Amino acid sequence: MADMRPMHSTDGPADETVDRTALDEAVRFTSDLIRIDTTNRGGGDCRERPAAEYVAERLAAAGLEPVLSERTPGRTNVVARVEGGDPSAEALLVHGHLDVVPAEAADWSVHPFSGEIRDGVVWGRGAVDMKNTDAMVLAVVRAWARAGVKPRRDIVLAFTADEEDSAIDGSGFLADHHPHLFDGCTEGIGESGAFTLHAGRGRPLYPIAAGERGTAWLKLTAHGTAGHGSKPNRANAVTRLAAAVARIGAHEWPVRLTDTVTACLTELASLQGLSVNPRARDTDLDALLDKLGPAAGLVEATLRNSANPTMFEAGYKLNVIPGHATAYVDGRVLPGGEAEFIATLDELTGPDVRWEFHHREVALEAPVTGRTYGILRESVEHFDPEGRAVPFCMAGGTDAKQFSRLGITGYGFSPLKLPPGYDYWSLFHGVDERVPVDALHFGVRVLDRALRTL
């Protein structure tokens, strides 16, 4: 079976700049950052400033000049530039967020903000999403400072607020009001990619994110005639809205294969000894997914647009029919799929329900051929020769959406080597979030190699 991966140069740094100090710092910084509670409850209820100051102090100690900026007091972002060795090269953005989602301590085996290190594992909220990556990036640039090493190109580091909500105080604010901090940046790497996926068949996979579905959070409103709950009412706002929400929830969205998903399916099939054109009319995608086993999880959520009802608000008393009702829907849109999404929502909601975008961000897609993706892949496979990097499209989104406003093409690249049975996906926003110390060491080495080569 021919190798389906894109061709690339394997030239890379001959020597590592990572020392024992860098490996130890990645672990310690992860633990320290977890202990700084930056819970983002939405609606502006978060304070990232203590974590931002922690990051800025360690960047300054490495000889950098971090800039702290806020749209809202306490919602702090940190940006710093590492000078590269080639002044003619375009700059690279490396970004990670400082906020985390809420955690209920009673549900956890350890306190979610303890940062406990036990049995070779760092525990706590943010251990995988994504204070671990923030810590690894800090460890790498500090190792460069100690060794007197420069990357090939300027690297702009951005540690952001508010990624776990609207990003209005974070990457959105930076992109809209401080674009000069990112002068020269044409590409970026951020969260959620290059982690080990044990697919149960053959070599371990390392999915590198080269796409994201767009965000389409919707607000639905139905108006009707208010009245007594005991009387007939053919203009019941709750009934109208409930019917529309049920139609949306039951809708079967058609398959729409993007370039990234097609490349992913092709490479996964090749690993099974299959020569498949996913876009061929006679390809049975369901049968193909069955043959891919657990690896099918990389593409199942990104074959289609989606719209999942999540909230319903109506009424104020049991025996009163309200005059209006509101619902919210979490919509996600494939690259190139927004027109179909809008037309479908118009049809599903019908004439009695109005819908609007509550929050809207673009879908993204990055090339999976050429130098950049090739270097990311080679950097992972260099440190795990048994592994295989494959491209994939994220079902959700990251700060890469906001940074794309500056013309920055983004990849998800937060490398971790995880043991079999380690359910990485379930730990995102889940209970007992944790990361092995060895995985952090692997990530530091991979990031060092990739960032110096890029």
Side-chain angles (χ1 to χ4, degrees), residues 1-12 90 92-94 185-197 199 203-214 255-272 274-280 283 285 288-289 292 295-303 333-337 362-382 384 387-398 400-401 403-404 407-415 446-447 449-451 453-454:
M1 176 62 60
D3 192 336
M4 301 301 296
R5 296 175 295 174
M7 298 297 293
H8 70 288
S9 170
T10 57
D11 294 336
E90 296 168 329
L92 175 73
L93 169 64
V94 178
C185 288
T186 56
E187 296 176 317
I189 66 171
E191 69 175 308
S192 195
F195 54 89
T196 317
L197 174 64
R203 61 205 297 189
L205 303 177
Y206 287 87
I208 296 174
E212 298 181 6
R213 291 198 300 176
V255 171
R256 297 286 186 259
L257 292 181
T258 64
D259 291 344
T260 303
V261 172
T262 299
C264 184
L265 283 168
T266 302
E267 292 199 30
L268 293 176
S270 74
L271 289 172
Q272 303 300 325
L274 304 173
S275 180
V276 175
N277 177 2
R279 286 175 166 162
T283 298
L285 282 178
L288 176 58
L289 293 178
L292 298 181
L298 287 176
V299 295
E300 284 176 325
T302 54
L303 294 172
V333 184
L334 292 169
V362 297
L364 303 176
E365 198 154 39
V368 295
T369 58
R371 183 178 184 276
T372 299
Y373 176 79
I375 288 171
L376 296 178
R377 188 189 75 215
E378 187 277 336
S379 298
V380 171
E381 295 180 356
H382 176 82
D384 186 358
R388 174 74 169 265
V390 297
F392 85 114
C393 178
M394 293 180 59
T398 72
K401 294 186 185 302
F403 289 125
S404 72
I408 298 173
T409 299
Y411 293 89
F413 193 77
S414 304
V446 174
L447 282 171
R449 184 177 182 87
L451 297 182
T453 311
L454 284 167

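Here the structure is a predicted model, which is why all the values come from computation and not from measurement. Just so you know, these numbers use all the heavy atoms, side chains as well, and skip hydrogens, waters and symmetry mates.
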**Student:** Below 4.5 Å, heavy atoms only, C-beta onward: do Ser404 and Val362 meet side chain to side chain?
**Tutor:** yes
**Student:** When you compare the side chain of Arg388 with that of Glu381, does any pair of heavy atoms fall below 4.5 Å?
**Tutor:** yes
**Student:** Which of these passes side-chain contact (heavy atoms from CB on, under 4.5 Å) with Val299: Leu265, Leu257, Thr260?
**Tutor:** Leu265
**Student:** Treating Ser414 as the side-chain partner and Gly190 as the backbone partner, does any N or O pair qualify as donor plus acceptor under 3.5 Å?
**Tutor:** yes
**Student:** Look only at the side chain of Thr283 and the backbone of Arg279, and say whether a donor-acceptor pair between them is shorter than 3.5 Å.
**Tutor:** no
**Student:** Would you call Cys185 and Glu90 a side-chain contact if the rule is heavy atoms closer than 4.5 Å?
**Tutor:** no
**Student:** Do Leu268 and Thr266 make a side-chain contact, defined as non-hydrogen atoms from C-beta onward lying under 4.5 Å apart?
**Tutor:** no
**Student:** Could you check if a side-chain atom of Thr258 sits within less than 4.5 angstrom of a side-chain atom of Thr302, using non-hydrogen atoms only?
**Tutor:** no
**Student:** Looking just at side-chain N and O atoms, do Thr372 and Tyr411 make a donor-acceptor pair shorter than 3.5 Å?
**Tutor:** no
**Student:** Considering residues at least two apart in sequence or located in another chain, which fulfil the side-chain contact (heavy atoms from CB on, under 4.5 Å) criterion with Ala209?
**Tutor:** Phe392, Met394
**Student:** Looking at Arg449 and Val380, would you say the former's side chain and the latter's main chain have a donor-acceptor pair under 3.5 Å?
**Tutor:** no
**Student:** Taking C-beta and beyond as the side chain, do Leu454 and Leu376 meet within less than 4.5 Å on heavy atoms?
**Tutor:** yes
**Student:** Do Leu93 and Ile189 have side-chain heavy atoms sitting under 4.5 Å apart?
**Tutor:** no
**Student:** Return yes if some donor-acceptor pair links the side-chain N/O of Thr398 with the main-chain N/O of Ala400 below 3.5 Å, else return no.
**Tutor:** yes
**Student:** Under a 3.5 Å distance rule, please check whether Arg203 uses its side chain to pair with a backbone N or O of Gly387 as donor and acceptor.
**Tutor:** yes
**Student:** Please examine the side chains of Leu271 and Leu205, heavy atoms only from C-beta on, and report whether any two atoms are closer than 4.5 Å.
**Tutor:** yes
